[in-house]
Amino acid sequence: MKCGTVQISWHEGKPILTLDFHPPSSTLATAGADFDIKFWSIKSAAGTQKKLPQVSYLSNLSYHSSAVNVVRFSSSGELLASGADGGELIIWKLHCTDSAQTWKVLKMLRSHHKDILDLQWSNDSTHIISGSVDNSCIIWDVNKGINLQTLDAHAHYVQGVAWDPLGKYAASLSSDRTCRIYINKPLKSKGIEKINYVCRQIIAKAEHPLLKNSKSTKYHLFHDETLPSFFRRLAWSPDGSFLLLPAGSYKIGSASESVNAAYIFSRKDLSRPAIQLPCASKAVAVRFCPIFFKLRGTKSDGLFKLPYRIIFAVATLNSLYVYDTESTPPIAILAGLHYASITDITWSSDARYLALSSQDGFCSLVEFENDELGSPFSISEGKVSEESNSPLWASNNTVILPTQNASAVVAQSRKSQAEEKSDDMVIESTRNDGAVRAESRKSESEEKADNTIMKSTGNVQASIAESRKNEAEEKVDDMVIDATGSVGAAVSDSRKREAENKVGKQPSSSGRVKPGAGEKAVKGPNSPDVKQTEAGAKSGKTQSSSEGIKSGPDEKEGTQMPSRKSTPISNKPARKRITPIAIDP
């Protein structure tokens, strides 16, 4: 597996809001805040020393007059649908010539009053369902270019829509904290069947798995409108056996804090989640790999009873999880790829590439080696019937996958929230918040008592010039000096030193270097105490370790908290100990 962010000018540095692979050719289409749709060719890095696939610009479509929020190819690849701000929905048709392939506008579908955030094609490419900021979903007849039905039961933005591949259900996910499942009950008029989707299930709350004889309480399954994303892109599995929903938020207990998650709903029971997938950050999009794979037979703890493996990806604001239906934990976790939130994910038709877009204006690519995901599985049409058994193992309670233990997931969730409020800057810390604050207070008290460990820089250059006659100072680049005397004593020591230097004597002072200080500087050059106080001395005041970096109660122990203003300390041993020299004003 090769993964990384492709450092090219995708959309002139503007946010990329969506992307999708063209089914036959694996050409990548991207779109975003620059109003354009662009096409890119992907060349594999397999067999080369390159870490990432080579991405080359092909062409662009300029027709939209506002930001494009979603692009999706039809299953055949002949049509492309794009939804934008202001309710623009355009259907493009591919025209092939001997020299090139061009896309031309086929239809413009107008019925939404506000921004379109998500859309999806039906399996036969004859219909589209779209979701909008006007709180509605619309089902379109693509051939006629007309609005067949408007579903307007949501009380807030519709941020994700999905079409059942078996053609029976449609689903929408809204920031009103509900997911609505619609079932098609056709109406017959003059011998002609007309599409008629009615709401069958509203997914909003679930009960706690509490102890016996305790009152049953319910909690919301989804985040509210404060979720910092425009999208909640949900998806049905390619065989229609289960529905995968992002933007989840569940509680382990009635008194516990909420944990971010994605939910898996079985087709046989859409009333409650069958499996919860914990995430360190808020999940915003999910996408299924279009290829089925043979069972490997190496895992016995799988929660699905399918004759094949289905692979899917869950994207959070700042990370990506890849799962398969045969194993319980994720098969891959990718994080730290982007500086802003992830907006969309897509698989290539041959399952070789997984791409994701971000608001930071870049896209990342994951390339899988041959057979890395497994051997393809041949499957016939009509994959799942309504009479078939559930593809999930029977369970009376919702199953929570142990991606991490509960406390770790809560801690990661808190960390993600803190990062969202701090410009998405991620700095790993080796200590917990209490230790950081203790170090900060210690540094402040030491500086007030003039008992600070400091580096000879800044306004003490005159002192350095005075002491350059010392042979040890010429050999040591960075020296850690411990000043133990008071200011008055240091001044008198300075005057005494000047007199002694004139007669060539070795300077002495009441402020002595602590025994072993040189050894400590060599053994622990990255000590947080040294770095924090050095940064404070360099800037002229103590720099609190809680300013300029993100720290919180969830920070991991055993990692290093770097200071942006700290300077590395040389590992060269000090030959002689030098006492501090105060400047006579």
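- Checked by atom type, the side-chain pair D324/S327 shows a donor-acceptor distance below 3.5 Å.
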Is there a side chain to side chain donor-acceptor pair (under 3.5 Å) between W40 and T30? Walk through the geometry before answering.
CA-CA 8 Å; W40 312 84; T30 61; 2.9 Å; yes
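- The existence of a salt bridge linking K14 and D34 is excluded, since no basic side-chain nitrogen approaches an acidic carboxylate oxygen closer than 4.0 Å.
- A salt bridge links R309 to E326: at least one charged side-chain nitrogen sits closer than 4.0 Å to a carboxylate oxygen.
- When only modelled atom types and interatomic distance are considered, D85 and H64 share no side-chain donor-acceptor pair under 3.5 Å.
- Under the 3.5 Å distance criterion, with hydrogens and angles disregarded, no donor-acceptor pair is assigned to the side chains of S76 and S125.
- Under the 30°/60° scheme for interplanar angles, the aromatic rings of F312 and F242 are found to stand perpendicular.
- When only modelled atom types and interatomic distance are considered, R267 and Y169 share no side-chain donor-acceptor pair under 3.5 Å.
- The side-chain contact (heavy atoms from CB on, under 4.5 Å) check on A315 picks up A285, L320, I342, I345, with sequence neighbours excluded.
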For S174 and Q159: C-alpha separation, side-chain torsions, deciding distance, then whether side chain to side chain donor-acceptor pair (under 3.5 Å) applies.
CA-CA 5 Å; S174 169; Q159 297 179 307; over 6 Å; no
Under the side-chain contact (heavy atoms from CB on, under 4.5 Å) criterion, do W163 and I139 qualify, and how do the steps go?
CA-CA 10 Å; W163 209 303; I139 296 176; 3.7 Å; yes
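- Looking at D344 and R72, a side-chain N of the basic residue comes within less than 4.0 Å of a carboxylate O on the acidic one, giving a salt bridge.
- One N or O on the side chain of D164 and one on the backbone of K168 form a donor-acceptor pair closer than 3.5 Å.
- In this structure, F368 places its CZ atom where more than 12 heavy-atom neighbours from other residues, nucleotides or ligands lie under 6.0 Å away.
- A donor and an acceptor atom, one from each side chain of S172 and Y182, are located under 3.5 Å apart.
- Under the 30°/60° scheme for interplanar angles, the aromatic rings of Y263 and F265 are found to stand perpendicular.
- Aromatic pair F73/H22: centroids less than 6.0 angstrom apart.
- Between D20 and R287 there is a salt bridge, since a side-chain N of the basic residue sits under 4.0 Å from a carboxylate O of the acidic one.
- Side-chain contact check for C179 versus F222: some heavy-atom pair is nearer than 4.5 Å.
- Counting only N and O atoms by type, the side chains of Q201 and S271 include no donor and acceptor under 3.5 Å apart.
- Side-chain contact check for H220 and S249: no donor-acceptor pair (N or O, by modelled atom type) lies under 3.5 Å.
- The minimum heavy-atom distance linking A335 with S319 is given by the pair CB-CB, 4.0 Å.
- Checked by atom type, the side-chain pair H156/E225 shows no donor-acceptor distance below 3.5 Å.
- Side chains of D115 and Y157: no donor on one and acceptor on the other come within 3.5 Å.
- With hydrogens and angles ignored, the 3.5 Å screen pairs a side-chain donor or acceptor of T5 with a backbone N or O of L337.
- Annotation for G77 and L94: closest pair O-CD2, 4.1 Å, computed over non-hydrogen atoms.
- Side-chain N/O atoms of D176 and H154 include a donor and acceptor closer than 3.5 Å.
- Judged as a side-chain contact (heavy atoms from CB on, under 4.5 Å), and not counting sequence neighbours, the contacts of K294 are S375, F377.
- A search for side-chain contact (heavy atoms from CB on, under 4.5 Å) contacts involving D152 returns S136, T150, not counting sequence neighbours.
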